[in-house]
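Only a predicted model underlies this, so the values are computations on that prediction, with no experimental measurement involved. Lettering of chains follows the sequences in order, A, B, ..., and the numbering in each one begins at 1.
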There are 2 protein chains.
Amino acid sequence: MDATAPATPHASDQGTSAQASSAEDTCSPYDVFARDCPSRGTLEHVTGRWGSLTLSAISDSTVRFNELRRRVDGVSEKMLSQTLHALERDGLVNRRSQETNPPRVDYCLTPLGHDVARRLRELFDLVEGRMPEVLAAREAYDARGGR
Amino acid sequence: MDATAPATPHASDQGTSAQASSAEDTCSPYDVFARDCPSRGTLEHVTGRWGSLTLSAISDSTVRFNELRRRVDGVSEKMLSQTLHALERDGLVNRRSQETNPPRVDYCLTPLGHDVARRLRELFDLVEGRMPEVLAAREAYDARGGR
DNA sequence: CAGCATCCCACAGGATACTG
DNA sequence: CAGTATCCTGTGGGATGCTG
């Protein structure tokens, strides 16, 4: 019942793999472009609507549940909880609860989570910094009636 | 009707901004952590389920619609079309159609799109390369009954 | 405070069919 | 080939209420 190393990364062992992008220099057998590769699921946790913001919000701090809710503006209790569970299961987030009263639970990133969060923040910075370009493009697009 | 520079990036001008993460060194007034900042929408296009894969699949090539569909394994015609429109509107993708018969339409990245795609591929490579860690974490998590 | 359970609905998104 | 249009379902995700 143990399988520290999975037999096959994804069922479609060939023919599905898209292009060279990440397969050429990465020797990893995992490919996010393949529909049924497990990496796709993890990628969706990481890039998901709340996953990316949550990871980046934790960053290198140790933070409690409600503080996190405040940081990630707009997230509901339910979704934050759900998101944290998925990230914890994937080994990106550590959860440490102290059975006190009132209860105190702290979240922080694992080393892997930290690496992921760093990439995410680079992406955020890029998007934020270049929003003027994006908005200009939108107006141009709309101005000519979406063509 | 023109507004090359938007008046205010987001309505909630203060109090909402999460932590320092991207606000401290970025002078950009845009903040993905703010619920109603336009950058949040663009981020979702970029990190969305199909958006991220599509951008990365185009990469530095010029590619046609159906070829793209094949690269992004699992995307439906409808979603790819929809995704491409959103990315084009945000100024990340260029669409050039030649009115021939049969019709030929080519998609490629804008300079901005290329920059974004590069960050995305770094993220993909990281996730793919460390899937063994992720899977091990999952098993450990499941083994102890999700605690 | 930190959450799980429940209800419920809007919308993401798949399948199918049709057009230039 | 490169789409748009329509239909229909699953589920993402908000609101509310309860527990330790």
Side-chain angles (χ1 to χ4, degrees), chain A residues 35-36 40-54 57-58 61-90 93-108 141 145-147, chain B residues 33 35-36 40-54 57-58 61-90 93-108 141 144-147:
Chain A
R35 192 173 27 72
D36 43 9
R40 180 99 132 220
T42 299
L43 182 69
E44 277 168 20
H45 293 159
V46 162
T47 61
R49 184 164 180 201
W50 302 118
S52 61
L53 291 172
T54 300
I58 299 178
S61 62
T62 291
V63 58
R64 301 175 60 174
F65 188 83
N66 279 301
E67 169 60 18
L68 207 44
R69 261 199 82 182
R70 258 167 268 127
R71 292 193 185 183
V72 182
D73 188 25
V75 71
S76 72
E77 187 175 281
K78 176 185 170 183
M79 289 318 296
L80 180 57
S81 172
Q82 196 169 297
T83 299
L84 283 168
H85 278 311
L87 295 177
E88 191 196 354
R89 194 172 102 98
D90 282 356
V93 164
N94 273 329
R95 178 199 139 104
R96 273 207 339 250
S97 85
Q98 311 169 46
E99 282 299 339
T100 67
N101 192 316
R104 181 186 184 95
V105 181
D106 293 299
Y107 294 94
C108 63
Y141 182 91
R147 322 210 65 246
Chain B
F33 286 100
R35 191 172 27 70
D36 43 9
R40 177 87 78 106
T42 298
L43 182 70
E44 278 167 19
H45 292 159
V46 162
T47 61
R49 184 163 179 203
W50 302 118
S52 61
L53 291 172
T54 300
I58 299 180
S61 62
T62 292
V63 58
R64 302 175 61 174
F65 188 84
N66 279 301
E67 169 61 18
L68 207 44
R69 261 199 81 181
R70 259 167 266 129
R71 289 193 188 183
V72 182
D73 188 23
V75 70
S76 71
E77 191 174 274
K78 175 186 170 184
M79 289 318 296
L80 181 55
S81 171
Q82 196 170 297
T83 299
L84 283 168
H85 278 309
L87 295 177
E88 191 196 355
R89 195 171 102 99
D90 281 355
V93 164
N94 273 328
R95 178 200 140 105
R96 273 207 339 251
S97 84
Q98 311 170 46
E99 282 298 340
T100 67
N101 191 317
R104 180 188 185 95
V105 181
D106 293 299
Y107 294 94
C108 63
Y141 183 91
R144 62 179 191 267
R147 321 206 64 246

> Looking at B:R71 and B:D73, does any basic side-chain N land under 4.0 Å from a carboxylate oxygen?
Replying inline: no

> Hey, are the side chains of A:T54 and A:Y107 touching, using non-hydrogen atoms and a 4.5 Å cut-off?
Replying inline: no

> To the nearest Å, how far apart are A:E44 CD and D:dG12 C1'?
Replying inline: 13 Å

> Can you check the B:W50 CH2 to C:dG14 C1' distance for me, whole Å?
Replying inline: 10 Å

>> Distance check needed: C:dA2 P versus A:R96 CZ, whole Å only.
In response: 14 Å

> Which nucleotide, C:dA2, D:dG14, D:dA2, lies nearest any side-chain atom of A:P103?
Replying inline: C:dA2

> Want to settle it: does A:V75 or B:D106 sit nearer the 5' end of DNA chain D, counting the closest nucleotide to each?
Replying inline: B:D106

>> Rounded to whole Å, how long is the line connecting atom CE of B:M79 with atom P of D:dG12?
In response: 14 Å

> A:H45 and A:D90: which non-hydrogen atoms are nearest, and at how many Å?
Replying inline: ND1-OD2, 2.7 Å

> If every non-hydrogen atom of B:S97 is compared with every non-hydrogen atom of B:V105, which pair is closest and at what distance?
Replying inline: CB-CG2, 3.6 Å

> Taking C-beta and beyond as the side chain, do A:L68 and A:V75 meet within less than 4.5 Å on heavy atoms?
Replying inline: no

> A:E99 CD to C:dC1 P: how many Å, rounded?
Replying inline: 17 Å

> Rounded to the nearest Å, what distance is computed from the CG atom of residue B:N101 to the C1' atom of nucleotide D:dC1?
Replying inline: 9 Å

> What is the minimum heavy-atom distance between B:T62 and B:C108, and which atoms define it?
Replying inline: OG1-CB, 3.8 Å

Are any protein N/O atoms closer than 3.5 Å to N/O atoms in nucleotides 4-10 of chain C? If there are, list each pair with its distance.
residue: C:dC4; atom: OP2; partner: A:S81; partner atom: OG; Å: 2.9
residue: C:dC4; atom: OP2; partner: A:H85; partner atom: NE2; Å: 2.7
residue: C:dC4; atom: N4; partner: A:E77; partner atom: OE2; Å: 2.6

>> In this structure, how many angstroms lie between the P atom of C:dG3 and the CG atom of A:L84, rounded?
In response: 8 Å

>> Looking at every heavy atom in both A:W50 and B:R40, which two are closest together, and how far apart are they?
In response: CZ3-NH1, 3.4 Å

> Phosphate oxygens OP1/OP2 of C:dA12: is one of them under 4.0 Å from a side-chain N or O of B:R49?
Replying inline: no

>> D:dC1, OP1 or OP2 - any side-chain N/O from B:Y107 closer than 4.0 Å?
In response: no

> A:R104 CZ to C:dG3 P: how many Å, rounded?
Replying inline: 12 Å

> With a 4.0 Å cut-off, would you call B:E67 and B:R64 a salt bridge?
Replying inline: no

>> Using a 4.0 Å cut-off on heavy atoms, which residues in residues 62-69 of chain A reach DNA chain C? List them by number, or say none.
In response: A:R64, A:F65, A:N66

>> Restricting to side chain to side chain contact (heavy atoms under 4.5 Å, CB included), what partner residues turn up for A:R89, sequence neighbours left out?
In response: B:R138, B:Y141, B:D142

